[in-house]
Amino acid sequence: MVHLTQVVFAGLVAWPTIVTAAATGDNKAWPQSVSLKSFIGTEQKIALDGVLANIGPNGTRVPGAGPGIVIASPTKENPNYFYTWTRDAALTYKTLVDEFLFGNKALQPYIEDYIHSQAVLQTVTNPSGKLLPSGAGLGEPKFNADGSRYNGNWGRPQRDGPALRAIALIEYSNYLVKNEEKERVKKVIWPVIANDLAYVGQYWNSTTFDLWEEVSGTSFFTTQSQYRSLVTGSALASSLGLSCDACTTQAPQILCFLNSPAFFDSAKGHLLGNINILSFSRSGIDANTLLGPLAAFDVNAKCDSPTLQPCHSKVLSTFKVLVDTFRDPKLYPINAGIQKTKGVALGRYPEDIYYTGNPWYLITLGAAELLYDAVAQWEKQGFVAVDKTNEGFFKTIYPLARAGTIYRAWPVLNGLSAFSAILSAVTTYADSFVSVVQRYTPASGSLAEQFLKTAPGTPTSADNLTWSFASFLSMTRRRQKQFPTSWVPSSSSSSSLTKVPSTCQATSFKGTYAPALSAGAPNLTITCQSTILFQVNASTYYGENIYLTGNSSDLGNWDLGQAIPMQSSNYTSERPLWFAKVPLTAGENVRYAFVREQDCGQGWIWEDVDVTKGNRTVSVPACVEGEEETVRGETDDAFRGKGGSSGGC
Ligand code: NOJ
Ligand code: NOJ
């Protein structure tokens, strides 16, 4: 398959200084004498309150956030997470929709606010692009708390957002359709979903930053979520009497890609978070491949389903590799001395250095959830099949497991069956990951993003992280054997969407996009545009960024708050290149300039104006309908004037 994506690391990122939650005085640990069950019971409530406190307009921890806007964390400094990420918000709302379906009817107004907020966000022009005509703006990873665009340098686009949002909205819509609200779904929610599905169908095969926002390439988590969005989108469309051609044409190809050898290191026995990652001194061992199957979970799906469920052989084998990696006390000292049969603290990937690279609550909880999911799936299908790929996983907790054996639920001979023994061992193993989280949860129950890898495992990075709380809620439900609605079409159904094509093709379905007016999106008109590639050589120090500004509204009308952040992913010592691809109104003559953004807020540095020639100008060539993103003109500039100097903050 031609999949010409490249792995590129995000440009100059200023590393944060480390502050731990000790600074907040919240460093007393949860009492260890409390049983796991009672810890979970108490924390479940704290987690739900914690999620809701981070959602506008009434969230007590996030004053200023708009209705239905999920703030990632109330922390405003080191790191500043007072933004809304499309991914965090969608994963959180998937969990809230599940909670609603489990009986918490009080959540409905929150869900309705979310629909409205997302309809509006879809129309906000941002550094990834616009909604019209190409849908490119849907790939923007984060927005300000009031729903306005975020202009800073960032790893963009991130193409998992639209897929995850569609998944959450589709699950809620399915409920409404069953409850006599089909017409409202069709009129109000479907137009929001349709934009996201169109985006997935058009761009699933284009390079994307992954969920950790550092690597541009092809991400397993993103691909898996994209597949689910199109399958469930297709089913919803049918139930509304509509069709989704992007879904039916692209889903089989995405599934093909998800199952391609490129995503699995067969020698080491694990899925890879990103394709091509090996060339970038990363192992590819990545919790990306644990969170993907969690987001794709369907209790009724079979373990050999190509949708790569928690109980899939490759997923279990990946689980073992990931856990063994973090078990190493050289990597995570707090995992020293823990028995092989017990869970340990887990992080994003072993090479992580973000906040010194620590365990994450949502990943350690995710490990428990994945095991509860797998147990539920084995119970449903009535057997556990041990093969060469997953044998190592099973042996950890059930040494008698042998590849080539199928352990069946019945008949039960001589008392306890091997099947029950395996399920109970895996459940105990799952619980031990939750116990790790109990050990490092402060007495207040607040869940940060990370906890330090060295004793005493103090919470660190963003505090009260919405996603951490949401992961606690879903883990708890799975442990209580409460499952979200099924989505994988059964193999006996006529659906062709679960069959893996024999050869994979790198296809794309060109989408059409429209503001979801009935959900409250503003109307937009399309102006005919052509893309200009702005290129400037500007030597920068680590932490400094270059922006583009100018006299058109697309360049922010000389307002630096609206300037375009340029990309440094092709910056080398030979050529200090910063670039930006910007669609501009065809036929215009645009004036522009480059500006330096210093690292510690010492102010912007404008480049000098050439006194003989005046402002730089570019004339935007005629547009070609449907090809607004093809580069039709480019500049080749050099930053004029002096550079900045690091503020040393
Ligand atoms: C912020 C991102 O959210 C995080 O995932 C990443 O590790 C850091 N930036 C560094 O690039
Ligand atoms: C950093 C994580 O890597 C990313 O996945 C997340 O979206 C942001 N933090 C916000 O929580």
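Order of appearance sets the numbers: ligands from 1, and atoms from 1 within every ligand. Position 1 is the first residue of the sequence; numbering continues from there.
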Could you tell me which residues satisfy ring pair (Phe, Tyr, Trp, His ring centres under 6.0 Å) with Tyr203, sequence neighbours excluded, listed by chain and number?
Tyr199
Near-ring test Phe594/Tyr547, centroid separation under 6.0 angstrom
no
Listed by chain and number, what are the salt bridge (charged side-chain N to carboxylate O under 4.0 Å, His left out) partners of Asp146, not counting sequence neighbours?
none
Are Phe472 and Phe39 an aromatic pair by the rule of ring centers under 6.0 Å?
yes
Starting from the N and O atoms of ligand 2, collect every protein N/O partner closer than 3.5 Å and put each pair on its own line with the distance to 0.1 Å.
residue, atom, partner, partner atom, Å
ligand 2, 3 (O), Arg348, NH1, 2.8
ligand 2, 5 (O), Arg87, NE, 3.4
ligand 2, 5 (O), Leu211, O, 2.6
ligand 2, 7 (O), Arg87, NE, 3.4
ligand 2, 7 (O), Arg87, NH2, 3.0
ligand 2, 7 (O), Asp88, OD1, 2.6
ligand 2, 9 (N), Tyr81, OH, 3.1
ligand 2, 11 (O), Asp88, OD2, 2.6

Ring centroid separation for Tyr172 and Tyr93, is it under 6.0 angstrom?
no
Holding to salt bridge (charged side-chain N to carboxylate O under 4.0 Å, His left out), I want the full list of residues that pass it with Asp352, two or more places apart in sequence or in another chain.
Arg348
